[in-house]
Amino acid sequence: MAESSFFPVAASLSFNEVASLCGLTLPEGADPARRVEAVAPLETAGPADAAYMDNPKYVAALAATKAGLCFVSSRFADRVPAGTVALVTPGPYHAFAKLLATFHPEALRPQSVFGATGVAPGAFVHATARLEADVTVDPGAVIGPGAEIGSGSVIGAHAVIGPQVRIGRNCSIGAGATLQCSFVGNRVIIHPGARIGQDGFGFAMSPKGHMKVPQVGRVIIQDDVEIGANTTIDRGASRDTVIGEGSKIDNLVQIGHNCVVGRHCVICAQVGMAGSSTLEDFAVLGGQVGLAGHLTIGMGAQIAAQSGVAGDVPRGARYGGYPAQPALSWAREAALLKQLVSKRGKPEGGEKA
């Protein structure tokens, strides 16, 4: 089987064009007309490839790389081999991302899996739905009554857009995703299998049984949000569940009813947010963090992976552990526990079988 790429390079660039794109300056002696044909990791890059390095763990790979060009911070510029042109920048990863976006614009958001434009055969669009020009709807997708979809948006195969749902312009809704009771802004990416706007988990509990509480709120997703595959976001009970502008949510995240996620938050995989919890702007939750309900994570706070948060976290704080506590206290506690265990040693007479 011939090797192929799912994302071919749109066009090669000269070294001078790469430097201009990233707002950088070529070092003295570099050939501005030399071309970059692709991007690659340090270990496999060749003379026509660009790479980047911003982590001390990869110093050895940097020293051995055969890349034609490498984005690198000033800290590691002297480790770049003679055959590689160093483009020095305070943000190597950001510069590399700009080049990747130029080389592979189709990889920025999910495209039509059918490779078509317009409404494909086999799609079901209700007569009262309103689609602006240049909307793509793949086979098997269902657009419900009164739904509205803005121009440039792509609805993937077998996605379901419920009645009265609003989706803005230049959005991508992945294959098999479902949206109900939701308003979605512009340039939003929702990856395959995501579930948005279904019932929140609300019951009035009693010794005689649990009465279902109707969930009559909405999900509001603001501009430039990205939501990972198989993530679930429940609609509000009597108020809205809100995902703020520019926030990025990984795969397999659960966000309960009435939650509010601020602007530019980052939520990593397998996080669970119980109902009515709030993330203020620029907060970060590491993988598998669990939040109890009705609490607030302050602006810019960061919670370490696998932490269990039972109470409010102040703005700018760094918390970790179970139960979560300030990171320094958590580290000291872990160190003390390790010391206690090592001092205890084995019991007298050895361990019993």
Side-chain angles (χ1 to χ4, degrees), residues 162 165 177-185 188 190 193-222 225-299 301-315 317 319 321-325:
V165 168
T178 59
L179 281 75
Q180 309 171 49
C181 306
S182 302
F183 292 163
V184 178
V188 170
I190 298 176
R195 304 286 182 245
I196 313 294
Q198 61 283 332
D199 263 9
F201 192 64
F203 298 90
M205 301 174 70
S206 80
K208 295 182 179 180
H210 311 312
M211 180 183 296
K212 185 175 180 63
V213 178
Q215 307 289 293
V216 297
R218 308 171 298 183
V219 174
I220 309 296
I221 300 174
Q222 297 178 357
V225 167
E226 184 159 353
I227 297 169
N230 296 316
T231 281
T232 57
I233 302 176
D234 295 342
R235 68 175 180 263
S238 57
R239 58 176 67 113
D240 293 331
T241 300
V242 179
I243 310 297
E245 175 187 0
S247 287
K248 312 302 180 188
I249 301 173
D250 201 354
N251 303 330
L252 297 168
V253 169
Q254 158 64 22
I255 297 178
H257 61 189
N258 305 334
C259 285
V260 176
V261 174
R263 298 177 305 116
H264 304 290
C265 294
V266 175
I267 303 177
C268 297
Q270 298 185 341
V271 162
M273 293 179 61
S276 300
S277 52
T278 297
L279 294 188
E280 294 184 347
D281 297 349
F282 291 94
V284 177
L285 303 182
Q288 296 185 332
V289 164
L291 301 187
H294 305 276
L295 57 75
T296 298
I297 307 298
M299 179 176 178
Q302 297 183 4
I303 312 298
Q306 295 190 326
S307 299
V309 185
D312 293 348
V313 174
R315 62 185 296 161
Y319 270 48
Y322 188 87
Q325 57 184 306

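- In this structure, Ser247 contributes its side chain and His264 its backbone to a donor-acceptor pair below 3.5 Å.
- From Leu179, atom CG reaches atom CZ of Arg195 across 10.0 Å, with rounding to the nearest 0.5 Å.
- Partners of Ala274 under the side chain to side chain contact (heavy atoms under 4.5 Å, CB included) rule, at least two apart in sequence or in another chain, do not exist in this structure.
- Residues Val242 and Gln222 form a side-chain contact, since some pair of their non-hydrogen atoms from C-beta on lies under 4.5 Å apart.
- A donor-acceptor pair under 3.5 Å is formed between the side chain of Thr231 and the backbone N or O of Val253.
- Looking at Ser182, its side chain does come within 3.5 Å of a backbone N or O of Gln180 through a donor-acceptor pair.
- Under the 3.5 Å distance criterion, the side-chain polar atoms of Gln198 are matched with a main-chain donor or acceptor of Ile233.
- Here the shortest heavy-atom pairing between Cys181 and Gly217 reads CB-O, 4.2 Å.
- The distance from the CD1 atom of Ile297 to the CG atom of Asp312 is 7.5 Å, given to the nearest 0.5 Å.
- In terms of modelled atom types and a separation under 3.5 Å, the side chain of Asn251 and the main chain of Ala229 share a donor-acceptor contact.
- No donor-acceptor pair under 3.5 Å is formed between the side chain of Asp250 and the backbone N or O of Cys268.
- Put simply, the side chain of Leu279 reaches to within 4.5 Å of the side chain of Leu291, judged on heavy atoms.
- One N or O on the side chain of Gln215 and one on the backbone of Val213 form a donor-acceptor pair closer than 3.5 Å.
- Considering only heavy atoms from C-beta on, Arg235 comes within 4.5 Å of Asp199 through its side chain.
- Within the model, atoms CD1 of Ile220 and OG1 of Thr241 stand 9.0 Å from one another, a figure rounded to the nearest 0.5 Å.
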Is there a side chain to side chain contact (heavy atoms under 4.5 Å, CB included) between Ile255 and Ile249? Walk through the geometry before answering.
CA-CA 10 Å; Ile255 297 178; Ile249 301 173; 3.8 Å; yes

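- Side-chain atoms of Ser307 do not come within 3.5 Å of backbone N or O of Tyr322 as any donor-acceptor pair.
- Between Ile221 and Ile227, some side-chain heavy-atom pair lies under the 4.5 Å cut-off.
- Heavy-atom minimum distance, Ile190 versus Ala194: CG2-CB, 3.5 Å.
- Proximity of a side-chain donor or acceptor of Gln288 to a complementary backbone N or O of Gln306 within less than 3.5 Å is not detected.
- The CZ atom of Arg263 lies 4.0 Å from the CG atom of Asp281; values are rounded to the nearest 0.5 Å.
- Separation of atoms SG (Cys259) and CZ (Arg239) is listed at 10.5 Å; rounding is to 0.5 Å.
- One finds the NE2 atom of His257 at 13.0 Å from the CG atom of Asp240 (value rounded to the nearest 0.5 Å).
- Using modelled atom types, one finds a donor on one side chain and an acceptor on the other under 3.5 Å when comparing Gln254 with Asp234.
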